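Being a predicted model, the structure only gives us computed values, none of them experimental. A note on names: the letters A, B, ... follow the listed sequences, proteins ahead of strands, and every chain is numbered from 1.
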Number of protein chains: 2
Amino acid sequence: MCRMARPRKPLLSRDRIVAAAGSLIDAEGLEAVSTRRLAAELGVSGPSLYNHFRTKDEILEAVADAVSARVDLSMFDASDGRDWRTALHDWALSYRAALADHPHLVPVLARGPGRRPAGLRVADAVFGAMVRAGWPPAQATHIGALMRYFITGSALGSFARGFVDDESAYDPADYPHLGQAHLLAERREQVDRGAFETGLRALLDGLALQYAALAPGGRGAAATGAAARGGGQGG
Amino acid sequence: MCRMARPRKPLLSRDRIVAAAGSLIDAEGLEAVSTRRLAAELGVSGPSLYNHFRTKDEILEAVADAVSARVDLSMFDASDGRDWRTALHDWALSYRAALADHPHLVPVLARGPGRRPAGLRVADAVFGAMVRAGWPPAQATHIGALMRYFITGSALGSFARGFVDDESAYDPADYPHLGQAHLLAERREQVDRGAFETGLRALLDGLALQYAALAPGGRGAAATGAAARGGGQGG
DNA sequence: ACCTGAACACCGTTCAAGT
DNA sequence: ACCTGAACACCGTTCAAGT
């Protein structure tokens, strides 16, 4: 009935390519992904990929979006949005966990949501929930941004990983306070988690102070478009 | 007296290479730096660089270290370390300014101090000052880490830059709260600065609360007025 | 000691050709 | 429509050769 019958089904699909790229990145890192290598992994030749994606970067973006899609956002549709602090906290843990599962992908995710649908969904959910909780829109934008800064910063620059595992690198004459720094590499996970928890708590405590200081009119219901000024008096 | 006299002075030096690489990165970004291109900029052939650096990555690290070296640390040697909050605040601004001057280099700096002397000097100064102010060493480590997270995260993932400047990317049916998102690209600087200031203030307020709650052994009386008030239920 | 050209084993991407 | 081999313009790095 139809035209001529397909000789055989396609070897490739966007999903297959994204899945293979994700596995390769997790296993061997971002630098391991070349179009030729990825194609070989899929049993095809390099240029075949260009039938499904316009550039290699588009493939990376698609993999990153798949990770963003796994970030839990259910804490934000809790009706009234009263408890913005708890929602923000739980979301931060979920976000961090997603990044920790795919550390090699963090540099891609840290570039921002761009055009990635799942990345935009995350930004949308945070912003919407903060406004619903009574934050002025400008402040809600800032909160989405600064939480991203902190979470991706912690995932990317895993602090302890930045120190080499080699005592001789830290001459006490040069760095009087870094005598134990080579131990950081061993206790990496502990330090990273501790710093993240301390920082998250400080951030939420500090935001709670700012929330308490908001003009009474702006709380409890969706705020007007007027939007308070930026960050108060800082700097 | 000496052996045979040098025929002519060397064409290259580590300093010249680092300076040329820095200029190239600032002008055209990290991807513009290939060994051949950089060598051409210096009037030599590609492999010549390998007489002065072992790898291209070592060149990048040296450029990054030069940026770290320009971060002001003078606020940390203020004798008693009483006012750790102000010192941390001023340092954060200085750090952010250094990164903002060389945005293309942030991905390199975000990897952590590694073996870079100036990077280690920064970590050493922060840690030392916090301990001197009465923070327990473990907490001082966390503070150094979480400040790094936030500052490099904000420089790298410049929030607004992550959104495309194209209204059609944000279908209200998909993202009900992102109606104005394409405006972010225009107001990028404003949003980034506002988010940074809001976040920094929250972070310091939150840390002040934790400082005030330290066992009396950790003295200092440095907590600012903002810390005294409530609002810090645990996360 | 320092620079060179040639070479090796790679890249991302385009394109005419096949089916 | 989808895949291929060949080709273009690149990479980082090594090395024997020159001075």
Of the candidate nucleotides D:dT13, C:dG12, D:dT4, which contains the atom at the shortest distance from the side chain of A:Ser48? D:dT4
Please pick, from C:dT13, C:dC3, D:dT13, the nucleotide with the shortest atom-to-atom distance to any side-chain atom of A:Thr55. C:dT13
Residues A:Arg111 and A:Glu61 bridged, charged N to O under 4.0 Å: yes
Of residues 12-40 of chain B, the positions that come close to DNA chain C - non-hydrogen atoms, cut-off under 4.0 Å: B:Leu12, B:Arg36
Grab the [atom1]-[atom2] distance between [X] and [N] for me, whole Å please.
X       : N      : atom1 : atom2 : result
B:Tyr50 : D:dC11 : OH    : C1'   : 10 Å
B:Ile59 : D:dG12 : CD1   : C1'   : 11 Å
A:Lys56 : C:dC11 : NZ    : P     : 9 Å
B:Asn51 : D:dT19 : CG    : P     : 17 Å
B:Leu11 : D:dT19 : CG    : C1'   : 12 Å
A:Lys9  : D:dC2  : NZ    : C1'   : 14 Å
A:Phe53 : C:dT14 : CZ    : P     : 15 Å
B:Leu49 : C:dG5  : CG    : C1'   : 15 Å

For the residue pair B:Phe76 and B:Trp91, categorise the inter-ring angle as parallel (less than 30°), tilted (30 to 60°) or perpendicular (more than 60°). tilted
Reckon A:Ser45 has a side-chain N or O less than 4.0 Å from the OP1 or OP2 of D:dC3? no
Has B:His52 got a side-chain N or O lying under 4.0 Å from the OP1 or OP2 atom of C:dC3? yes
Between side-chain atoms of residues 96-108 of chain A and protein atoms elsewhere (two or more places apart, or another chain), which donor-acceptor pairs fall under 3.5 Å?
unit_1   : atom_1 : unit_2  : atom_2 : d
A:His102 : ND1    : A:Asp26 : OD1    : 3.0
A:His102 : ND1    : A:Asp26 : OD2    : 2.9

ring-ring contact (aromatic ring centres under 6.0 Å, His included) against A:Phe127, all qualifying residues, sequence neighbours excluded: none
The reported gap from CZ in A:Arg116 to OG in A:Ser68 (rounded to nearest 0.5 angstrom) is 4.5 Å
Could you check whether B:Tyr95 and B:Asp90, counting side-chain N and O atoms only, form a donor-acceptor pair closer than 3.5 Å? no
Report the residues that fulfil side chain to side chain donor-acceptor pair (under 3.5 Å) with B:Ser74, sequence neighbours left out, ordered by chain and then residue number. B:Asp72
Sequence neighbours excluded and cut-off under 3.5 Å, please list the side-chain donor-acceptor pairs for residues 33-41 of chain A, or say none.
unit_1  : atom_1 : unit_2  : atom_2 : d
A:Ser34 : OG     : A:Arg37 : N      : 3.0
A:Arg37 : NE     : A:Glu41 : OE1    : 3.1
A:Arg37 : NH1    : A:Glu28 : OE1    : 3.2
A:Arg37 : NH2    : A:Glu28 : OE2    : 2.8

Can you list the stems that DNA chain C is part of, where a stem is at least 3 pairs in a row, each Watson-Crick or G-U, with both distances below 3.5 Å? C:4-8 with D:12-16, C:12-16 with D:4-8
A:Tyr149 and B:Tyr149: aromatic ring centres closer than 6.0 Å? no
